[in-house]
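Comments concern the structure below.
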Amino acid sequence: MKIYLVRHGQTLFNQQKKVQGWCDSPLTQEGIQQAIAVSKTLQSISFEYAYSSTSERAMDTMHYILQDRSVPYAYVKGLKELNFGSLEGEKEADVFTDISVYEKGFEMYGGETLPTCNQRFMTCLETIAKSHTDNVIVVAHGGVIMGALRCLDEARFMKHMQEVGDIENCSVTILEYTDHFEILDLADTSYRDRGLLL
C-alpha cells in the first residue's frame, strides 16, 4: 500500500513566519489554491481512505483535496504537529536560531521532544499503513513530516533540505509500506510547474 503524505496548505502564520505547532491559523487564499492543485494532481489515483491531523489547517486541506470525491476520512490526534509549547505564535526567526534548538526539544517550554514526537507520528503512520491494502492520503505538518523522513532516510532527507530548504506547503511525499516504509517520492511540488497551481 502507499501513503500520500501531504503537508497542509499555506496558512496565515506561515505567511507571517510564526511558529504554529499545536496552535492554529487559517489557510490563506494561496493555501486553498495549493490544496486544490493537489486535488487535481491526484485526481486519477483512487484512495481507500483519507486521514488528517485534528488541526483545522490540515482538516481544511484534506477536504479541499477530496472535494468532489466520496472518500471516507478520519481526524487523528497522532498526526498533529510537534508541540512547541509556549513558543507557539512567536516569530520563527526568534525561535529557530539554529538546528540545535530542534535537537534539544521543547519540553522546557511545555512542548515535546523530537523523539517523543517522532515516535507518536511514526506509530500513527504505521497503524494507518497496517489498516489498509490500497492508497491512502494523510494530511499532516512540516515538522512531523521532516522528522519521519529523517528517520526513514536521513541522507536523502538532508540532501533535499540542502537543495530546497524546507518541506513546502502542499508538497506530496509518497511512502510505500510492506513490512517497513520506503520513500518513493520526497516532498514533490513538481505539479506546480505543470500549471496546476492557479
Side-chain angles (χ1 to χ4, degrees), residues 1-10 14 17 19-21 31 34-35 37-38 41-42 44-45 47 50-53 57-58 61-62 65 76 78-84 92 95-106 112-194 196-197:
M1 64 83 63
K2 294 187 182 76
I3 290 179
Y4 286 72
L5 181 57
V6 183
R7 185 186 175 194
H8 62 78
Q10 185 197 68
N14 292 151
K17 301 194 180 307
V19 178
Q20 268 175 134
Q34 289 169 341
V38 172
T41 301
L42 301 181
S44 63
I45 300 167
F47 291 100
Y51 293 89
S52 160
S53 112
R57 60 192 185 272
T61 299
M62 180 188 71
I65 292 171
V76 182
L79 297 173
K80 287 184 77 166
E81 179 61 294
L82 176 65
N83 185 349
F84 297 99
E92 291 174 359
V95 174
F96 305 126
T97 50
D98 58 63
I99 194 69
S100 66
V101 176
Y102 255 110
E103 304 299 338
K104 291 172 187 171
F106 299 91
E112 289 179 289
T113 64
L114 279 183
T116 301
C117 178
N118 287 342
Q119 183 175 19
R120 162 174 65 79
F121 187 72
M122 291 305 298
T123 298
C124 192
L125 276 191
E126 192 163 353
T127 299
I128 288 170
K130 288 179 176 178
S131 302
H132 298 281
T133 56
D134 204 350
N135 303 322
V136 301
I137 294 176
V138 173
V139 181
H141 306 267
V144 288
I145 293 173
M146 282 194 278
L149 294 175
R150 191 172 183 180
C151 288
L152 295 175
D153 191 335
E154 184 167 14
R156 188 173 174 188
F157 166 72
M158 293 307 291
K159 183 173 184 288
H160 172 86
M161 293 302 288
Q162 287 164 5
E163 292 173 354
V164 179
D166 196 8
I167 301 299
E168 295 183 73
N169 290 111
C170 274
S171 58
V172 181
T173 294
I174 304 174
L175 304 177
E176 185 171 57
Y177 185 80
T178 48
D179 58 346
H180 65 282
F181 285 111
E182 181 181 348
I183 303 170
L184 300 185
D185 204 355
L186 195 157
D188 185 16
T189 56
S190 62
Y191 63 87
R192 298 177 189 176
D193 300 328
R194 298 195 296 272
L196 291 173
L197 185 54

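All residue numbers refer to positions in the sequence shown, counting from 1. Note that these values count all heavy atoms, side chains included, but never hydrogens, waters or copies made by symmetry.
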Can you find a heavy atom in the side chain of [X] that is under 4.5 Å from one in the side chain of [Y]?
X: Phe181; Y: Met122; result: yes
X: Glu92; Y: Val19; result: yes
X: Ile167; Y: His160; result: yes
X: Val172; Y: Thr41; result: no
X: Val38; Y: Tyr191; result: yes
X: Leu152; Y: Leu175; result: yes
X: Leu79; Y: Val144; result: no
X: Leu82; Y: Phe106; result: yes

Could you tell me which residues satisfy side chain to side chain donor-acceptor pair (under 3.5 Å) with Thr123, sequence neighbours excluded, listed by chain and number?
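None.
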Show your working on side chain to side chain contact (heavy atoms under 4.5 Å, CB included) between Asp166 and Arg7 and close with a plain yes or no.
CA-CA 11 Å; Asp166 196 8; Arg7 185 186 175 194; 3.8 Å; yes
Work out which heavy atom in [X] is nearest to a heavy atom in [Y]; give both atom names and the distance.
X: Gln20; Y: His8; result: NE2-CE1, 4.1 Å
X: Ser53; Y: Ala58; result: OG-CB, 3.7 Å
X: Gly9; Y: Asn14; result: O-OD1, 3.9 Å
X: Asn118; Y: Ala148; result: OD1-N, 4.4 Å
X: Ala187; Y: Thr173; result: N-OG1, 2.8 Å
X: Ile3; Y: Leu125; result: CD1-O, 3.9 Å

Could you give me the CA-CA distance, side-chain angles and deciding distance for Arg192 and Glu168, then say whether side chain to side chain contact (heavy atoms under 4.5 Å, CB included) is met?
CA-CA 12 Å; Arg192 298 177 189 176; Glu168 295 183 73; 3.5 Å; yes
Identify, with sequence neighbours excluded, every residue that meets ring pair (Phe, Tyr, Trp, His ring centres under 6.0 Å) alongside Phe121.
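Result, ring pair (Phe, Tyr, Trp, His ring centres under 6.0 Å) vs Phe121: none returned.
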Run the ring pair (Phe, Tyr, Trp, His ring centres under 6.0 Å) test against Tyr4 and tell me which residues pass, sequence neighbours left out.
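Ring pair (Phe, Tyr, Trp, His ring centres under 6.0 Å) list for Tyr4, sorted by chain: Phe47.
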Give a yes or no on whether a salt bridge exists between Arg57 and Glu81, defined as a side-chain N under 4.0 angstrom from a carboxylate O.
no
Going through the distances and angles, do Ser52 and Thr61 end up as a side chain to side chain contact (heavy atoms under 4.5 Å, CB included)?
CA-CA 9 Å; Ser52 160; Thr61 299; over 6 Å; no
Quick one: list whatever passes salt bridge (charged side-chain N to carboxylate O under 4.0 Å, His left out) with Lys17, sequence neighbours left out.
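Expected list: none.
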Separation between CE of Met161 and CG of Leu149, rounded to the nearest 0.5 Å
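These two atoms lie 9.5 Å from each other.
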When rounded to the nearest 0.5 Å, the distance separating CD1 of Ile174 from CG of Leu42 is 7.5 Å
Applying side chain to side chain contact (heavy atoms under 4.5 Å, CB included), name anything that partners Glu154, two or more places apart in sequence or on another chain.
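Scan of Glu154 (side chain to side chain contact (heavy atoms under 4.5 Å, CB included), adjacent residues dropped) gives Arg150, Met158.
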Residues in side chain to side chain contact (heavy atoms under 4.5 Å, CB included) contact with Glu176, at least two apart in sequence or another chain
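For Glu176, the residues satisfying side chain to side chain contact (heavy atoms under 4.5 Å, CB included) (neighbours in sequence not counted) are Lys2, Glu182, Leu184.
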Does any N or O in the side chain of [X] come within less than 3.5 Å of the main-chain N or O of [Y], such that one atom is a donor and the other an acceptor?
X: Thr189; Y: Ser171; value: no
X: Asp185; Y: Asp188; value: no
X: Gln34; Y: Gln10; value: yes

Using the side chain to side chain contact (heavy atoms under 4.5 Å, CB included) rule, take His180 and Thr178 through it: C-alpha gap first, then chi angles, then the decisive distance, then the call.
CA-CA 5 Å; His180 65 282; Thr178 48; 3.7 Å; yes
How about Gln119: does its CD atom have over 12 heavy atoms from other parts shown lying under 6.0 Å from it?
no
